[in-house]
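To keep things clear, I will list the structure first and then write my remarks on it.
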Amino acid sequence: MDFEEDFASFLGISPEKSVFNLKELMDERQTIFPTKIEKDSSLKFSLRNSSSEKTFLLVQIIGNNEKGFFPAFAIDITKDELLQEKVRNLAYTDMTTNVPNRESFTLKVESLNQKCLSKSFKSGLLFIDINDSHKIMEIFGHRLFQKMLRETAERLTSVSAKAESSIYNLDSDDFVIVIDDYDNIDQILDIAREVNKMFLDPFMLGDGPFEVSCRIGIVSCPEYQRRTPITPSDMIRYGEITLRLAKSNNDLFILDKESYLAVIKELDMEMDLQNSIRDEELELLYQPIYSFGSNRIIAVEALLSWKSKKHGAVSPSVFIPLAERSGFINKLGDFVIDTSFKFASTLKDKNIFVNFNVSTVQFYQMDFAEKLAARLEYHDLPPQSVGLEITESCLCKDIAELIEKLSMVRKCGIAVSIDDFGTGYCSLSYLKDLPVDYLKIDRSFIMGIETSDKQVKLLKGITNLAKSLGVEIVAEGIETKEQLEAVIGCGCSNIQGFYISKPMNETNTFKFISSYTGPGK
Ligand code: C2E
Ligand code: MG
Ligand code: MG
């Protein structure tokens, strides 16, 4: 009814107007509280002035109703409100990519959960992860990595908009596209195809184009058809698991119950494996290697055995790859090295090697050879007390680095065996350059050798090759007298296998070494 000029200009109305209707300026969707106006109440309005700018007004009633009108102050609180809005947005948006973040995703899942209580529907989520993102980060640095993330977000946002779905950026390079309700799984696969198409164009990083690829894990939620909510953290776990499976499945995986349970079991086992040293569930068993050349046991191979309270006896062919994937292999490897070196120090005067197996991951640690040298010194072991076994498949890498590493290992007085020889599909030409002492012929060459001329010829060939290179041969997995005879006939005199003995604990190994007189020929 009566107001100051400043107030009129703030609202963008003419100061000459004596009465105006605030409702015409109000943003429609707001609820005003309190609904009843009386003395001392304050009300907040969101308004659009004549130039359509968003403003906020706080109205404080200061007196009683006089003939239908209240005296009041009006305060411009636009700056405060916009700042608060920004803070709210920051909490729900990823700062780098400007895409709704993990908090928003949590809200989204909660809203789907709410919806599923009253209605059944099919939701589909595409979890998207950039391949080798840490490498991209290392090559290009933080700033260009962020540029790549922003561009990824833009490309994915356009796919998501076309599919009428919503997109979230859970963390750095982890994105999710959520389709609230779909009819047919092809719809989801189409989106996955679109996402892949988006990555076909290289990204401009640094001076030139760079190819970036992603993997996609699809989670469809049959829970919602049964009207069962899924917690946001479970949903994220489904996503992580399906992405993990996508890694080994051509970068695309649709999560089903079976694979989910298999991964959960693996994760469970992985956790238990990490506690296996503390819980004393790991033991090294030793299997003797007999030489017909010197008619004695020349070495024992340390084989890791895991007797888990929960999972029973787990084979190293299961838990070693598990440990490699989780990064636990280095700790496990250290345990093997220390335990086998300690055992070797009790065999000092017996002139017997204790062989330990190392995994590729472990072997390619920066300071692996130095570490071995330090452990040898710690256990006060003379040269020729321990031997290292490394599988052939490990050798298909950079040959120069390999030669250097193996040479360092041998310089410490550690014998080197190439394990599972013949299974790694490596070029034979590397053999002439490699500093190795033994080739261990894989059991697959021995099985059936007693009745197969071809296998005999093959083993003879390998034995002659090794002899010409000055490398000794060990035949693995000899189980019968017939196999033993066939193998010896091929010129191979070092034998390992159940026919000599199964792997044994330390005490029995010690006894065995002291009393064994040989298998006879
Ligand atoms: P490997 O180094 O080639 O070890 C020989 C495997 O053959 C052992 O299996 C042994 O028990 C088995 N074996 C020996 N003689 C016979 C036989 O006459 N018949 C049959 N059927 N099998 C025989 P295991 O203990 O299950 O180990 C499997 C693989 O796991 C090992 O193959 C090795 O590559 C890996 N491994 C074992 N312990 C360790 C370890 O401490 N570190 C690493 N990195 N790998 C290990
Ligand atoms: Mg071995
Ligand atoms: Mg082997």
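One-based numbering, in listed order, for ligands and for the atoms of each. We're numbering straight along the sequence, starting at 1. A quick note: this is a predicted structure, and the numbers were derived from the prediction, not measured.
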- Query: For atom 28 (C) of ligand 1, which candidate among P316, S315, S501 provides the closest heavy atom?
  - Reply: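 Ranked by closest heavy atom to atom 28 (C) of ligand 1, first place is P316.
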- Which heavy atom in V487 sits nearest to a heavy atom in I495, and how many Å separate them?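 For V487 and I495, the tightest heavy-atom pair comes out as CG1-CD1, 3.8 Å.
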- Considering only protein heavy atoms, which is closest to atom 19 (N) of ligand 1, and at what distance to one decimal place?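 Answer for atom 19 (N) of ligand 1: E479 OE2, 2.6 Å.
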- Query: N/O/S of E389 less than 2.8 Å from the Mg ion (ligand 3)?
  - Reply: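 Given the 2.8 Å cut-off, E389 does not count as a ligand of the Mg ion (ligand 3).
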- Does N357 put an N, O or S atom under 2.8 Å from the Mg ion (ligand 2)?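 Yes, since at least one N, O or S atom of N357 sits under 2.8 Å from the Mg ion (ligand 2).
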- Residue-ligand contact K502/ligand 1, heavy atom below 4.0 Å: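 Contact check K502 vs ligand 1: negative.
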- Task: Find, among atoms of D420 that are N, O or S, the one nearest to the Mg ion (ligand 3), and state its name.
- Result: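 Result for D420 and the Mg ion (ligand 3): OD1.
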- Message: Between the Mg ion (ligand 3) and D419, which N, O or S atom of the residue is the nearest one?
- Response: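 For D419, the N, O or S atom at the smallest distance from the Mg ion (ligand 3) is OD1.
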- Message: Quick check: of its N, O or S atoms, which one does E301 have closest to the Mg ion (ligand 2)?
- Response: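 Of all N, O or S atoms belonging to E301, OE2 is the one nearest the Mg ion (ligand 2).
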- Message: Could you tell me if K371 sits above the aromatic ring of F368, with its cationic atom closer than 6.0 Å to the ring centre and no more than 45 degrees from the axis?
- Response: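 Ring-cation test returns no.
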- For F363, is the NZ or CZ atom of K405 found under 6.0 angstrom from the centre of its six-membered ring and inside 45 degrees of the ring axis?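 Relative to the ring axis of F363, which defines the angle, K405 lies inside both limits.
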- Message: Keeping R325 on the side-chain end and I320 on the backbone end, is there a donor-acceptor pair under 3.5 Å?
- Response: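 Answer holds: no.
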